[in-house]
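Protein chains get the first letters and strands the later ones, always in sequence-line order, with residue 1 at the start of each. None of the values given here were measured: they were computed from a predicted structure.
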Protein chains: 2
Amino acid sequence: MTDLPESMQALLQKHDGYSGRAEGPMIEDASEYLEFATIPTPKPGKGQVLIKLRTASVNPSDLHFIKGEYGQPRIKGNPAGFEGCGDVVAAGEGAEALIGQRVAFVVAMGCSGAWAEYATTQALNCIPLQPAVSDEDGAAQIVNPLTAMAMVDIARKDGDCFVISAGTSQLAKLMIALGRDLGLKTIVFVRRADAVEATRALGASEVLVTSDEDVIGQFKTLCKSYKPRVFLDCVSDQMSEQIFVAMPNMARWISYGKLVAEAPALTQMGQLVFMGKRVEGFWLTRWMMETPPADQLKVVQEVQTRFADGRWKTDVSARLKLADVVSGLGAATGIPGGKVMITP
Amino acid sequence: MTDLPESMQALLQKHDGYSGRAEGPMIEDASEYLEFATIPTPKPGKGQVLIKLRTASVNPSDLHFIKGEYGQPRIKGNPAGFEGCGDVVAAGEGAEALIGQRVAFVVAMGCSGAWAEYATTQALNCIPLQPAVSDEDGAAQIVNPLTAMAMVDIARKDGDCFVISAGTSQLAKLMIALGRDLGLKTIVFVRRADAVEATRALGASEVLVTSDEDVIGQFKTLCKSYKPRVFLDCVSDQMSEQIFVAMPNMARWISYGKLVAEAPALTQMGQLVFMGKRVEGFWLTRWMMETPPADQLKVVQEVQTRFADGRWKTDVSARLKLADVVSGLGAATGIPGGKVMITP
């Protein structure tokens with residue numbers, strides 16, 4: 001602990017609070033939201049650890065967050081980044097047991113973000129990693145996989161088929177594979193026809209292309225035999241609403257993200273009344289607050305086992321050094337099919 | 001049973017099935033949907049009764065129904081009308097015990113409607129009336145009062161304050177009075193400033209006028225102290241959405257009707273995710289299917305007691321003879337503040 005540097009490089013948030021907008025997680029010019037700077041290395045408080053970063057991941061929630069449209073306020077001058085993998089190099093009171101361990105972590109509210117040489121978080125937000133799990137899998141071990149496990153768990157309580165949008169996203173891929181392993185059927189929407197085959201190969205029961213003119217008609221036909229009740233959706237546009245409208249009685253449109261600014265109109269309010277349908281949301285943060293720790297631990301262990309034995313893996317679309325994120329993040333997040341990874 | 005006439009006068013539906021539209025329960029020209037005609041008097045089947053009508057009521061659901069935008073299909077040539085009060089004059093096998101009783105009734109699917117000299121329904125859909133309950137209160141004893149009881153029951157499980165739209169509707173009035181009696185607070189939206197005083201007098205904690213420019217600002221302020229979680233809404237327009245958006249964490253927008261054709265846009269999908277809000281519906285028909293008969297009976301008895309002892313009453317805005325409904329229904333339903341009643 002004595003050889004820790006007094007300062008570090010980090011990507012700092014340029015704004016406070018919320019933007020009041022809801023544009024979606026697209027970034028053209030990251031310099032609007034982030035600056036690369038040298039700041040004092042943070043110190044872990046009571047129950048917290050200091051982590052020397054190996055790899056951080058870029059989730060849609062990070063992009064929503066730096067744009068000021070996520071569920072917690074920005075703090076100007078604080079490093080961005082919710083999730084990563086690194087080595088615990090120092091600890092506050094009560095967290096000493098983690099020192100020396102390689103961990104997957106998410107940054108707790110009020111701590112110092114993951115897009116930096118060093119991050120702080122609560123010890124409770126760290127998961128020690130088995131050697132078989134790579135740094136990149138470790139850096140994307142919590143947000144997406146836990147969301148996938150939790151949402152598929154919601155879906156399986158409501159029938160044997162569920163619907164997924166944005167089927168080429170990392171989270172969708174995890175849910176498709178998990179659904180297949182659990183014997184559940186999935187109807188998956190993708191944007192591009194060239195993604196159909198790979199999505200089927202992952203285990204999707206049916207794959208539909210949103211740009212097909214008759215996509216809703218095709219979906220209606222599938223609904224007659226599959227009778228899906230749950231729609232796990234991160235697009236939340238008018239097409240999502242049309243998918244929801246085509247679903248049978250008691251359907252639940254569960255939004256967990258918003259890829260576009262468009263505010264979808266509820267064109268069939270009567271379905272909420274007569275067909276018992278409803279519109280709701282899923283947020284991992286709430287799930288963590290509401291789910292007993294023992295149940296969470298089971299899910300965490302299952303997640304790590306799936307990465308360790310190769311059933312799950314993280315597709316990487318681009319890798320950026322911390323110093324290159326401000327100039328390169330916009331283009332990197334535009335590459336489909338995988339996650340952007342950040343290294344010191 | 002031998003002196004029953006072979007034919008009767010009735011208001012017949014002019015269309016089959018659904019219209020595919022969702023215009024709302026406004027009627028300009030009832031002759032588009034109804035014709036006045038003489039048809040054979042219906043015969044009660046097994047478990048059914050034949051009721052000689054005293055008074056039928058006009059609910060928004062009747063208007064949605066004849067326009068083809070309700071949760072069950074129209075049947076061309078079948079009398080319209082879901083609810084009324086009358087005397088049981090004949091019965092099919094197993095329903096004989098009701099003969100001679102004055103009952104409140106709703107018309108079961110596949111039976112002969114209430115806007116006629118005679119109607120049929122399942123014996124289970126009849127409630128024998130105490131002498132203290134008037135025919136007009138009897139004719140509006142089931143749909144609105146049970147909906148009010150069921151929805152306030154949903155609201156009270158989710159806090160001590162709830163929000164009501166269209167505060168001058170009969171259903172809203174029942175819910176306001178019921179809320180007051182149960183010690184619950186209500187924030188009530190009305191369209192006209194001249195309705196504020198009467199709505200307060202009924203027991204509303206706060207009354208807001210939707211045409212006030214700053215109505216959402218005023219509502220936001222009230223939300224800070226009242227923290228309402230449930231919004232019972234029969235308007236379902238963009239103003240409803242704005243009310244929902246202004247509500248605190250975990251708010252539920254429960255639609256039970258749609259007064260206008262406008263499809264409200266969900267302008268803050270993020271609130272579903274980060275604030276745990278949701279949009280759902282309420283339909284009495286589903287409540288009846290899902291609620292154990294013993295629990296329903298308790299509610300039915302409580303409703304009748306409230307009408308018998310004067311705590312609840314039905315405001316009547318217009319009275320029409322069966323023969324005058326086709327020409328007069330449009331104008332009658334435009335009169336605010338009460339229900340339209342139909343007599344033979």
Side-chain angles (χ1 to χ4, degrees), chain A residues 18-25 60-61 64-65 68-73 147 233-238 240-241 244-245 249-287 289-290, chain B residues 18-25 60-61 64-65 68-73 147 233-238 240-241 244-245 249-287 289-290:
Chain A
Y18 302 99
S19 68
R21 293 191 297 273
E23 298 176 347
S61 50
H64 281 293
F65 176 66
E69 51 191 50
Y70 194 64
Q72 61 193 70
T147 302
D233 177 36
C234 69
V235 183
S236 304
D237 64 355
Q238 201 61 50
S240 300
E241 197 264 354
F244 175 59
V245 162
N249 277 347
M250 309 303 286
R252 298 164 66 188
W253 174 11
I254 304 179
S255 169
Y256 66 90
K258 178 133 185 66
L259 289 184
V260 291
E262 177 185 276
L266 291 173
T267 61
Q268 299 287 338
M269 289 292 295
Q271 292 193 345
L272 307 185
V273 178
F274 304 128
M275 297 175 73
K277 295 187 175 189
R278 59 187 206 257
V279 192
E280 53 197 297
F282 177 86
W283 192 25
L284 184 63
T285 303
R286 171 164 298 108
W287 181 85
M289 290 186 294
E290 290 175 353
Chain B
Y18 301 100
S19 68
R21 294 191 297 273
E23 298 176 346
S61 49
H64 280 293
F65 177 67
E69 52 191 49
Y70 195 65
Q72 61 193 69
T147 302
D233 176 37
C234 68
V235 182
S236 304
D237 63 356
Q238 201 62 49
S240 299
E241 197 264 353
F244 174 60
V245 163
N249 277 349
M250 309 304 286
R252 298 164 66 190
W253 174 11
I254 304 180
S255 169
Y256 65 92
K258 180 135 185 64
L259 289 185
V260 292
E262 178 185 273
L266 291 173
T267 61
Q268 298 289 338
M269 290 291 295
Q271 292 193 344
L272 307 185
V273 178
F274 303 129
M275 298 175 72
K277 294 187 176 189
R278 59 186 205 259
V279 193
E280 53 196 297
F282 177 87
W283 193 25
L284 184 62
T285 303
R286 171 164 298 108
W287 181 85
M289 290 186 294
E290 290 174 353

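- Pairing each heavy atom of B/Ala265 with each of A/Ala263, the nearest pair is CB-O, 3.8 Å.
- Interface remark: B/Glu69 contributes backbone atoms only to the contact with chain A (heavy atom separation under 4.5 Å).
- Here the CD atom belonging to A/Glu262 is positioned 13.0 Å from the OG1 atom belonging to B/Thr267, to the nearest 0.5 angstrom.
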With side chain to side chain contact (heavy atoms under 4.5 Å, CB included) as the criterion, how do A/Arg286 and B/Met250 come out once you've worked through the C-alpha distance, each side chain's angles and the decisive distance to 0.1 Å? CA-CA 11 Å; A/Arg286 171 164 298 108; B/Met250 309 304 286; 3.9 Å; yes

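- Atom CG in B/Asp237 sits 12.0 Å away from atom CG in A/Leu266 (nearest 0.5 Å).
- Residue contact with chain B, scored on non-hydrogen atoms closer than 4.5 Å, involves the backbone of A/Lys277 exclusively.
- A distance of 13.0 Å separates CG in B/Leu272 from CH2 in A/Trp283, rounded to the nearest 0.5 Å.
- Counting only distance, with no hydrogens or angles, the side chain of B/Arg278 and the backbone of A/Arg278 share no donor-acceptor pair below 3.5 Å.
- Counting heavy-atom pairs closer than 4.5 Å to chain B, the top-ranked of the candidates A/Tyr70, A/Phe282, A/Trp253, A/Tyr256 is A/Tyr70.
- Considering A/Ser61, A/Cys234, A/Ser255, A/Ser236 as possible partners of B/Val273, the one that fulfils the side chain to side chain contact (heavy atoms under 4.5 Å, CB included) test is A/Ser255.
- Contact count versus chain A (heavy atoms, under 4.5 Å) is highest, among B/Gly257, B/Gly276, B/Ala22, for B/Gly276.
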